Amino acid sequence: GAGVSQTPSNKVTEKGKYVELRCDPISGHTALYWYRQSLGQGPEFLIYFQGTGAADDSGLPNDRFFAVRPEGSVSTLKIQRTERGDSAVYLCASSSGLAGVGGELFFGEGSRLTVL
Amino acid sequence: GENVEQHPSTLSVQEGDSAVIKCTYSDSASNYFPWYKQELGKGPQLIIDIRSNVGEKKDQRIAVTLNKTAKHFSLHITETQPEDSAVYFCAASDNQGGKLIFGQGTELSVKP
């Protein structure tokens, strides 16, 4: 597709369950970002990849959160033992270059996670 | 790390009036300052950006100004239209490069 694709668009789960959120970036974009957005707040940085490696994972809140990008394209954000506080919209963005170095971030529409 | 503060949190203007949104940042090493517009149910979309070697940039009805000394930057929208209604976010690049730190957002409402 032409833009960043995220699936699922909505996910409702129970506390304690495991969740995977998928991001398909724009073809050829080397940088991929995950952000979390709570209601009425700005996007909060989680992690970004340059190619296959996580260049900065300083925003991951704890070890229940993990993300991979094994082939340098599609990325999966994984959340273990979900908690109600994990409820938010998880945004993915991709870029042809790093933010600040020339790459505009293109965002997907997000995956809305609700933990009951 | 970088911290970005944005205000106001809500802004209501009459169609045709101007709107100004302001942001401050904490890290003097930050060098890239984009503005994003987010419509309901959508992801943020870049509308304009500015780099630290420039003081002002304009694109039709939208302009951004940067004051490096004071570490603040502003978005100016002139001749506002109802379709400008959305949430606007400022951001700054982290001093390490590579990621953006966002402000809390401003919900702009343009009344016809």
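To find a chain, count down the sequence lines: A is the first, B the second, and so on, and within it residues start at 1. Keep in mind that this is a model prediction, so the values were computed, not measured.
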Exercise for the section: Report the C-alpha separation of B/Phe102 and A/Phe45 in whole Å, then their side-chain angles, then the decisive distance to 0.1 Å, and conclude whether the ring-ring contact (aromatic ring centres under 6.0 Å, His included) test is met. Expected result: CA-CA 8 Å; B/Phe102 285 83; A/Phe45 171 77; over 10 Å; no
Could you state whether [X] and [Y] fall into the same hydrophobic cluster, counting links through intermediate Ile, Leu, Val, Met, Phe, Trp or Tyr residues with side-chain heavy atoms under 4.5 angstrom apart?
X	Y	value
B/Val4	B/Val20	no
B/Ile77	B/Ile47	yes
B/Ile62	B/Phe73	yes

Problem - A/Tyr35 vs B/Leu100, side chain to side chain contact (heavy atoms under 4.5 Å, CB included): CA-CA, chis, key distance, verdict - result: CA-CA 10 Å; A/Tyr35 282 82; B/Leu100 293 179; 3.6 Å; yes
Practice task
Would you check if A/Leu105 and B/Leu46 make a side-chain contact, meaning some heavy-atom pair closer than 4.5 Å?
Solution key: no
Handout entry: Side chain proximity check, A/Gln37 to B/Phe89, heavy atoms < 4.5 angstrom
Key = yes
Segment of [X] engaging chain A (4.5 angstrom heavy-atom cut-off):
X	value
B/Phe33	neither
B/Pro44	both
B/Gln6	neither

Problem - Cation-pi check, B/Lys99 onto A/Tyr48 ring (under 6.0 Å, within 45° of axis) - result: no
Take atom [atom1] in [X]; do more than 12 heavy atoms of anything else shown fall under 6.0 Å from it?
X	atom1	answer
A/Leu116	CG	yes
A/Glu71	CD	no
B/Gln45	CD	no
B/Glu79	CD	no
B/Gln104	CD	yes
A/Phe65	CZ	yes

Please classify the contact of [X] with chain B as side chain, backbone, both or neither, using a heavy-atom distance under 4.5 Å.
X	result
A/Glu44	neither
A/Ser9	neither
A/Phe106	neither

Completion exercise
Highest number of heavy-atom pairs under 4.5 Å with chain B among A/Gly110, A/Gly42, A/Gly40 belongs to A/Gly42
Practice task
Look up atom NZ in B/Lys42 and atom CZ in A/Phe107, then write down how far apart they are to the nearest 0.5 Å.
Solution key: 15.5 Å
Problem - Atom of B/Gly43, atom of A/Leu91 and distance for their closest heavy-atom approach - result: CA-CD2, 4.4 Å
